[in-house]
Amino acid sequence: MKIVVIQGPNLNMLGLREQNIYGPMKLDDIHAQMETYAKQSEIEVEFFQSNLEGEIVDKIQECVGEAQGIIINPAAYTHTSIAIRDAIKAVQIPTVEVHISNIYAREEFRHKSMIAPVCAGQITGFGPFSYHLAMVSMIQILSEIKAMQEAQNKQQASQQ
Ligand code: DQA
């Protein structure tokens with residue numbers, strides 16, 4: 001099983017960027033923690049960061065046949081990108097949206113997520129720990145899908 005973690009614009013600046021909002025942790029350190037946790041469930045993780053909307057759309061499309069789950073922090077594109085929303089809807093891969101800050105406690109323009117309606121769920125406001133919660137949620141979703149598929153296979157086999 002593979003999960004792709006997609007990070008949007010300016011998240012490569014974590015550790016430098018607005019530390020009062022995003023804290024001192026760097027993106028690589030967040031990724032290292034996620035990978036350690038995923039390994040315990042024998043899940044492979046790929047990390048991708050881009051400041052470009054089209055590259056994020058390309059990466060989501062490339063997940064078809066490659067990944068069983070997507071964790072995405074679309075950053076500022078959360079609030080504007082119909083293209084990223086359409087890509088998530090198109091690939092039909094379970095997706096968890098994640099934010100470090102609580103987008104609902106900030107400026108009004110951050111209260112609207114274009115992405116949330118096409119995701120399994122949204123995690124927002126727990127600092128870098130949001131990514132851990134997103135990973136826990138994604139692994140839970142994947143294990144539920146696996147259990148459902150196994151039950152279906154068993155039922156089909158018993159009907160033959
Ligand atoms: C963010 C919230 C967005 O509003 C903002 O544009 C970001 C980061 C977060 O993780 O809290 O770049 O997605």
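Residue indices begin at 1 and follow the sequence shown. None of the values given here were measured: they were computed from a predicted structure. Worth knowing before you read on, the calculation uses all heavy atoms, side chains too, and leaves out hydrogens, waters and symmetry mates. We count ligands from 1, going down the list as the structure has it; atoms in each ligand are counted the same way.
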NZ (Lys112) with more than 12 external heavy atoms under 6.0 Å: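 Counting other residues, nucleotides and ligands, NZ of Lys112 stays at 12 neighbours or fewer.
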Residue Glu42 excluded, over 12 heavy atoms near CD under 6.0 Å: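 Counting other residues, nucleotides and ligands, CD of Glu42 stays at 12 neighbours or fewer.
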Donor-acceptor side-chain pairing of Glu97 and Thr78 below 3.5 angstrom: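 Side chains of Glu97 and Thr78: no pair found under 3.5 Å.
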Polar contact flag, side-chain donor to acceptor under 3.5 angstrom, Gln49-Gln7: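 No, because no side-chain N or O of Gln49 sits under 3.5 Å from a partner of the opposite role on Gln7.
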As a test of reading the model: which N/O atoms of the protein lie under 3.5 Å from N/O atoms of ligand 1, and at what distance?
unit_1: ligand 1; atom_1: 4 (O); unit_2: His79; atom_2: NE2; d: 2.7
unit_1: ligand 1; atom_1: 4 (O); unit_2: Arg110; atom_2: NH1; d: 2.9
unit_1: ligand 1; atom_1: 6 (O); unit_2: Ala76; atom_2: N; d: 3.2
unit_1: ligand 1; atom_1: 6 (O); unit_2: Arg110; atom_2: NH1; d: 3.0
unit_1: ligand 1; atom_1: 10 (O); unit_2: Asn73; atom_2: ND2; d: 2.9
unit_1: ligand 1; atom_1: 10 (O); unit_2: Ile100; atom_2: N; d: 2.8
unit_1: ligand 1; atom_1: 11 (O); unit_2: Ile100; atom_2: N; d: 3.2
unit_1: ligand 1; atom_1: 11 (O); unit_2: Ser101; atom_2: N; d: 2.8
unit_1: ligand 1; atom_1: 11 (O); unit_2: Ser101; atom_2: OG; d: 2.6
unit_1: ligand 1; atom_1: 12 (O); unit_2: Arg17; atom_2: NH1; d: 3.2
unit_1: ligand 1; atom_1: 12 (O); unit_2: Arg17; atom_2: NH2; d: 2.8
unit_1: ligand 1; atom_1: 13 (O); unit_2: Asn73; atom_2: OD1; d: 2.8
unit_1: ligand 1; atom_1: 13 (O); unit_2: His99; atom_2: ND1; d: 2.8

For Glu144, all residues meeting side-chain hydrogen bond (donor to acceptor under 3.5 Å, both in side chains), sequence neighbours excluded: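 If we apply the side-chain hydrogen bond (donor to acceptor under 3.5 Å, both in side chains) test to Glu144, skipping adjacent residues, the hits are Gln140.
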Ring geometry between His79 and His99 (parallel below 30°, tilted from 30 to 60°, perpendicular above 60°):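 His99 vs His79 ring planes: parallel.
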